[in-house]
Every structure is written in structure tokens, then in C-alpha cells.
Number of protein chains: 2
Amino acid sequence: MEIKTAKEKFIQSWGNFGKTWGINKTMAQLHALLLVSDEPLSTEDAMERLQISRGNANMNIRALMDWGLVSKVTKMGDRKEYFEAERDVWHIARLIVRERRKREIEPMLAVIEELKEVSLSEVNREEEQEEKERFSVLLEDIDQFATKADSILDKFQRSDENWFYRSLVKLMK
Amino acid sequence: MEIKTAKEKFIQSWGNFGKTWGINKTMAQLHALLLVSDEPLSTEDAMERLQISRGNANMNIRALMDWGLVSKVTKMGDRKEYFEAERDVWHIARLIVRERRKREIEPMLAVIEELKEVSLSEVNREEEQEEKERFSVLLEDIDQFATKADSILDKFQRSDENWFYRSLVKLMK
DNA sequence: CTGAACTTTCAAAACTTTTTGAAAGTTTAG
DNA sequence: CTAAACTTTCAAAAAGTTTTGAAAGTTCAG
């Protein structure tokens, strides 16, 4: 296999992989493209390589910058904007964890906390007692688990690579 | 807030939450509905509570059973099938991790391994040397990270609740 | 067997998300 | 300032996903 073919395959796979994780396919493909490029690329370069429209390229590159995965590079004597991807896999993972916690875990925790409060309020009718109790236990269990998972991810996100690898060794014992 | 309203809200939130994680909204809502039901429900019950069609209810209940999150219950003297959800949050988490590893992480790892092999093949032309080297390093880094993350998840999936909580304490030190 | 009770399937419709591309906006060289 | 070079926006179109519901399939009591 040619290296060009291999990179192509990498870009396609990264796109599909991203899609299952709730990330727009083009966004993931752009990320992959920038990861395998030896030079920063312009919007035009990306449009041509991925066969996508200007609007699509522009929007998704912005999104990648919002996530912190891609940064703008300027070349002297050139008005075009060029982009390059963060290549440190460890750093990439932390940025992704940060975004996903923000978007997915924290809103869910907020809802659970809210509903827990409701469940604690007085029981009005006798027959509700047991139902309410069961619901409360469920919410409490989910809350406990999610809070713990969230705090691990928080720790991960703030830690350095060594912490991760040291932790791994501990856990695998 | 009424308990009925609270459960309603739980079902809606679980649905939206699931959606961002690449799980069909109805599937997540059905799961939530069964989680908060004190009795097993029939397909008809689910159709009525969630206002969905028979086909939709049927397909997504099947999917939940494939994931192992829901099981069939039969009542004597009744030909209908009833369904109930696994309520142990820990167990639920393990089942979800198992499915997602299978569907998302493992296929990605397979692609990376395949591309790594390609990258190791002889360099044909002089100018390709550096490009190939850079690509190889990237693939190697991703592979290392993903393999480690996958093995933590594998361990998690096979472990019991106590392992998880003990590990947490260790990690948070 | 037969037919009622139930479950499954799947093509078409509804809905959601993504993409396009042209127009508007911004920046800068001259 | 002006106009060329570039970036951003967003309504409409395309693509993708989910849902519907009716027909086909299955099971089982009588």
C-alpha cells in the first residue's frame, strides 16, 4: 500500500469513528487530514483534499479550533489562514474528554441532582411511598456512579501523561 | 413536582443523553421507562407511554435485549411478552462499556494496526522517508494510547463493583 | 387444523442533520 | 479610499436516520 493510500484510509476511518462518538464526520476527517499533513493546510487545501464545500470546511475547522484541537498558523506575505493539528495524542485525548464531559456528562448530572431533590420532598399519599422510594434509590445509584466517573475524567483531564501511565500500572495489578 | 412528572423528565433526559452518545433516542427512552417502572411492561404499554408505533417499540426493545440491558418476562396465563430493565447501575455501566468497546474502539484499533504494518514496509523513494516516519510515529502513538485505554475498559468490564471503588480511591490519592 | 393473539419486518414517510454555494462581511495592499 | 483576497454566514437542498403502519410471520388455545 502506498503511503498516500494509507493516509486516505486513516482519514476515512477517523471520520467514521468520530461519527459513532457523536462528532460530525467532516470534522473528524478534517482533524485526521491535518494530523497526517506534514505542513499546515489552508481551507482551500482541505476543500480539495476532502472534496467538500467552502462553508463546510470553514465551519468544521472553526469547530476544531473551539475544541482546541487545531490552531491557526499564518505565513509571512500570505493573507490565507493555514491550520495545523495538535499532534500529541495524550493532549488530544484530554481535550476530547474535556469537551465531552462539558457537553454530555455534566448536563446529565444536573438533571439527576434536580430530580433527586424532588424525590426527597414529602410523600403525599400512602401508596406513593414505595414508588418514590424505588425511584430515589435509582437516582441515588446513578448519581453516585456518574459522579465518580466524572471525577475520574476530571482528574484525567487535568493530569499529565505520567499520571495516566502510572495509574495504569496500579490498576492492572 | 409530582413523581409522575419527575419520571417523565427522567425519560426525556435519558433519551437526549443517549442521543449524544450515539444511541437511538427511542432506545434510550425505552430503557429509562423500564428503569422507572415498578412492573415489567408490555410492548403496548411502552407504545402508549412513549407515544410510539409498534414497529419502533419492538425494534428498540430488541436492541436493548441485544445489549443485555433488558430481559423478557412472561406472565402465567398471558401470551404477551413483558420486559424489565436491569436495575444495577454498575452492571448497566459494564454492559454499555462492553458494547461500545466492541462497536467503536476495537474496529478503530484494527484499522490502526493494519496501517501500522503498511507503514513499516520498505521505503521506496528517498523523499518518502521522512513523511513515512512521521506517519508511523503518529500511528504508533495512537495505537499505544488506544490500546491502554482499551485495556482499562476491558478490566473495568470484567471487574466487580468493589474493584472500581477501590481503584477510585487509589487514583484519587 | 383454525383463527385469534401476538410479534416481526420493511418500504415509504417524516424528521433530523449535514452540506452546499452564493451573498455578505472583513481585512489589507496599494 | 478601493478593490482584490480572503472568511463567514445561512437559507435551501441533499443526505442520512428514525419512525410508521400495514402486511407477513409465528405461536398456541381450543
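Note on naming: letters A, B, ... go to the chains in the order of the sequence lines (proteins, then strands), and numbering restarts at 1 for each one.
In this structure, A/Asp150 contributes its side chain and A/Thr147 its backbone to no donor-acceptor pair below 3.5 Å.
Rounded to an integer number of Å, the gap from B/Arg62 CZ to C/dC6 P is 15 Å. When rounded to the nearest whole Å, the span between CG of A/Leu50 and P of C/dT18 equals 16 Å. If you take CE of B/Met65 and P of C/dT7, they are 11 Å apart, rounded to a whole angstrom. Atoms CD (B/Glu44) and P (C/dC6) sit 8 Å apart, rounded to a whole Å. Put simply, NZ on B/Lys75 is 18 Å from P on C/dA5, counting in whole angstrom units. In this structure, NZ of B/Lys80 is placed 18 Å from P of D/dT27, rounded to the nearest angstrom. Remark: C1' of D/dC6 and CG of A/Leu41 are 17 Å apart, rounded to the nearest angstrom.
Heavy-atom distances to DNA chain D give each of A/Lys19 and A/Thr43 a nearest nucleotide, and the one nearer the 5′ end belongs to A/Thr43. Annotation: of the two residues near DNA chain D, A/Asp78 and B/Arg79, the 5′-most nearest-nucleotide partner is A/Asp78.
For A/Tyr82, there are no ring pair (Phe, Tyr, Trp, His ring centres under 6.0 Å) partners, not counting sequence neighbours. B/Trp90 pairs by the ring pair (Phe, Tyr, Trp, His ring centres under 6.0 Å) definition with B/Phe156, B/Phe164, not counting sequence neighbours.
By the 6.0 Å and 45° rule, B/Arg100 stacks over the aromatic ring of A/Trp21.
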Show the distances under 3.5 angstrom between N or O atoms of the protein and N or O atoms of nucleotides 18-21 of chain D.
unit_1 : atom_1 : unit_2  : atom_2 : d
D/dT19 : OP1    : B/Thr26 : OG1    : 2.7
D/dT19 : OP2    : B/Asn24 : OD1    : 3.3
D/dT19 : OP2    : B/Asn24 : ND2    : 3.4
D/dT19 : OP2    : B/Thr26 : OG1    : 3.0
D/dT19 : OP2    : B/Asn56 : OD1    : 3.4
D/dT19 : O5'    : B/Asn56 : ND2    : 3.4
D/dT20 : OP2    : B/Ser53 : N      : 2.7
D/dT20 : OP2    : B/Ser53 : OG     : 3.0
D/dT20 : OP2    : B/Asn56 : ND2    : 3.2

Check the pair A/Arg134 / A/Leu138 against side chain to side chain contact (heavy atoms under 4.5 Å, CB included), numbers first and verdict last.
CA-CA 6 Å; A/Arg134 248 172 98 89; A/Leu138 177 67; over 6 Å; no
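Close to C/dT8, at under 4.0 Å from its OP1 or OP2, lies a side-chain N or O of B/Asn58.
If you check the side chains of A/Asp154 and A/Ser151, you find no donor sitting under 3.5 Å from an acceptor.
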